[in-house]
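Positions are given from 1, in the same order as the sequence printed here. Hydrogens, waters and symmetry mates play no part in the numbers below; they use all other heavy atoms, side chains included.
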Amino acid sequence: MIGLLLTWMTGFEGVPIPYSPKLDDGVTILLLCCFFMSAYVLSRSRKFLVQLAKDFLLNRERTSIFAATTATDMRYMLLLILQTCVLAAVCTFNYFVDVRPELGERIPPYVLLGTYLAVCLLYLFLKWLTYSFLGWIFFDVSRTSLWMESYSTLLYYIGFALFPFALFLVYFDLSLLSTVIIGLFLVFFTKILMFYKWIKLFCGNLYGILLLMLYFCALEIIPCFIVYQGVLQLNDYLIIKF
């Protein structure tokens, strides 16, 4: 009886709420910044983005489109690339917090989110260096420039596609299966578009397609598995460190 009275007087011990990105104000502010950034860029460079998409699909043989753009347009495009990396980091962050809840419990969320953002930026930088190096060795400057423009166009539009996906992922509690299916579909669709552009730019016969498939697997498919395994190892390291 005395124990019950003391419990009533002191109150019950609260149960801690597990971390959830949808309850994090920082994640909300980050997504709002991405929304306003997209709206701002679309209001300023909508025609330029439409022209980039047409050039990607029609495969026009021309000089670099960046030569005809202003410095302001280039700044807008860099913002879109940054937005793509940020949204990819948010999606990765939400996925791994769902799969391994101890990540959200033991590691500060902004450290984890910043780590994933750094991984995305590093991956993009290494891909850019690889494309530039291989283009310098095997192809002429004009063809390499066309591919870099096409790759940049894909990055711009991936960012727009990732935004609604990130919103549903964070705020509508998508199931793990739905998250994996939608994520794999976005990756698969992007890789198909990249392969289509490779064929248009670098292939002229059947023998070339076979070689192109080998190069594509080496440069686009295998690195995805390497990065995924690397992030898993990085998660284990962060858990041990914190």
Whether the Tyr116 and Asn235 side chains hold a donor-acceptor pair (N or O, under 3.5 Å, no angle test) is what I'd like checked.
yes
Using 0.5 Å steps for rounding, measure from the CG atom of Leu193 to the OG atom of Ser150.
10.5 Å
Parallel under 30°, tilted from 30 to 60°, perpendicular over 60°: which one fits the rings of Trp147 and Trp198?
perpendicular
To the nearest 0.5 Å, atom CG of Leu79 lies from atom OG of Ser38 at 10.0 Å
What pairs with Phe225 under ring pair (Phe, Tyr, Trp, His ring centres under 6.0 Å), at least two apart in sequence or on another chain?
none
Where do Leu31 and Ala166 come nearest, in terms of heavy atoms and distance?
CD2-CB, 4.2 Å
Can you tell which of Val50, Leu57, Leu52 makes a side chain to side chain contact (heavy atoms under 4.5 Å, CB included) with Lys54?
Val50
If you measure only the distance, is there a donor-acceptor pair under 3.5 Å linking the side chains of Tyr157 and Thr84?
no
Is it true that Asp236 and Lys241 have a side-chain N and a carboxylate O under 4.0 angstrom from each other?
no
Note, Thr130 side chain near Leu219 side chain (heavy atom, < 4.5 Å)
yes
Taking the six-membered ring for Trp, are Tyr76 and Phe48 closer than 6.0 Å centroid to centroid?
no
Decide yes or no on side-chain contact (heavy atoms from CB on, under 4.5 Å) for Phe56 and Ser152, but give the supporting numbers first.
CA-CA 10 Å; Phe56 181 91; Ser152 299; over 6 Å; no
Are there over 12 heavy-atom neighbours, none belonging to Phe189, within less than 6.0 Å of that residue's CZ?
no
Side-chain donor-acceptor pairs of residues 177-185 under 3.5 Å, sequence neighbours excluded:
residue: Ser178; atom: OG; partner: Ser175; partner atom: OG; Å: 2.9
residue: Thr179; atom: OG1; partner: Ser175; partner atom: O; Å: 3.0

Spacing of CZ belonging to Arg75 relative to CZ belonging to Arg44, to within rounding of 0.5 Å:
11.0 Å
If we only count heavy atoms from C-beta on, is the Met194 to Phe216 side-chain gap below 4.5 Å?
yes
How about Phe35 and Leu167: do any of their side-chain heavy atoms sit closer than 4.5 Å?
no
